[in-house]
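Have a look at the structure below before the remarks.
Each residue takes its place number in the sequence, starting with 1. For clarity, every value in this text was computed on a predicted model and none was experimentally measured.
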Amino acid sequence: MKRIVKKSVLSVIAVLLAFSCLFVTVYADESSVQEESKTEDAALLNDGQMNLDVVFVLDASGSMLNSDPKKVAVDAYRLFVDLLDDTCGIGYVVYTHELIGKHDIVDISDKAALEETKEKMAAVKYDLDGFTDIALGLTEAKNMLVSDKFRNDQRQKVIILLTGGNTALPKGGRSLEDSNEEMDTTLMTLRDFHIPVYTVG
């Protein structure tokens, strides 16, 4: 059963990767039409390589203990990394109602740094006492992708959100209304930067 679930998750992620590459091609074509000065940049994006910066956003709240007891979502990070080529970068954010951990984007070609992200992700544990604040995780991913370090490179930015449910904050440092307000602001910014969010529930 575990093997079947892993294959299903891998299939979903492979489809997301295909859509991400399609998005790169479409966006590059639009850019070349709208701005002649970006023709060379568009060609770089449309040369058959992936050219992605991907941030995994993983819900580690207590709800994941029920929805993902085998930690397939954690394994999905490793599986997805293995699908990327050396033109890509990968990072992650792990959250509950608090930021549990993150790893800045590293190049797939940097094998030592890549293995470090895999090992740290493999060590993630779901927190029985953790609540779900999706906006917290998405905002951190957004901040990583629009930072000066990554914003101006030639890669398309992509977020993959893995969560066990909706935002739920019965206790904690902020209200559901505060979280929803942050979510709206973050999604507007992601839209402005043409950064898609693919959700695996």
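In this structure, Arg174 and Asp133 have side chains that are in contact, with non-hydrogen atoms separated by less than 4.5 Å. Side-chain contact between Asp85 and Ile108 is absent, with no heavy atoms from C-beta onward closer than 4.5 Å. A 4.5 Å side-chain heavy-atom check between Leu162 and Val57 finds every atom pair outside the cut-off. When side chains are defined from C-beta on, Val146 counts as touching Ile195, because their heavy atoms get closer than 4.5 Å. Between Leu58 and Tyr92, every side-chain heavy-atom pair lies at or beyond the 4.5 Å cut-off.
Ring geometry, Phe80 versus Phe56: the interplanar angle falls from 30° to 60°, so the pair is classed tilted.
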Q: Show your working on side-chain contact (heavy atoms from CB on, under 4.5 Å) between Asp53 and Met144 and close with a plain yes or no.
A: CA-CA 10 Å; Asp53 276 329; Met144 291 168 63; over 6 Å; no
Q: Carefully, step by step, assess Tyr126 and Ile100 under the rule side-chain contact (heavy atoms from CB on, under 4.5 Å).
A: CA-CA 10 Å; Tyr126 297 150; Ile100 300 300; over 6 Å; no
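The backbone N or O of Leu136 lies less than 3.5 Å from no partner atom in the side chain of Thr139, so there is not a single donor-acceptor pair. No donor-acceptor distance shorter than 3.5 angstrom exists from the side chain of Lys71 to the backbone of Asp68, with no hydrogens or angles considered.
Atom NZ of Lys125 sits in a sparse spot, with 12 or fewer heavy atoms from other residues, nucleotides or ligands closer than 6.0 Å. More than 12 heavy-atom neighbours from other residues, nucleotides or ligands sit within 6.0 angstrom of CG on Asp82.
Classification of Glu116 and Lys120 as a salt-bridged pair holds, one side-chain N sitting under 4.0 Å from a carboxylate O.
Sorted by first and then second residue, the salt bridge (Lys or Arg N to Asp or Glu O under 4.0 Å) pairs involving residues 192-201 (not counting sequence neighbours) form an empty list.
Note that the CG atom of Asp59 and the OG1 atom of Thr199 stand 11.5 Å from one another [nearest 0.5 Å].
Considering only residues two or more places apart in sequence or on other chains, Asp129 meets the side chain to side chain contact (heavy atoms under 4.5 Å, CB included) condition with Asp127.
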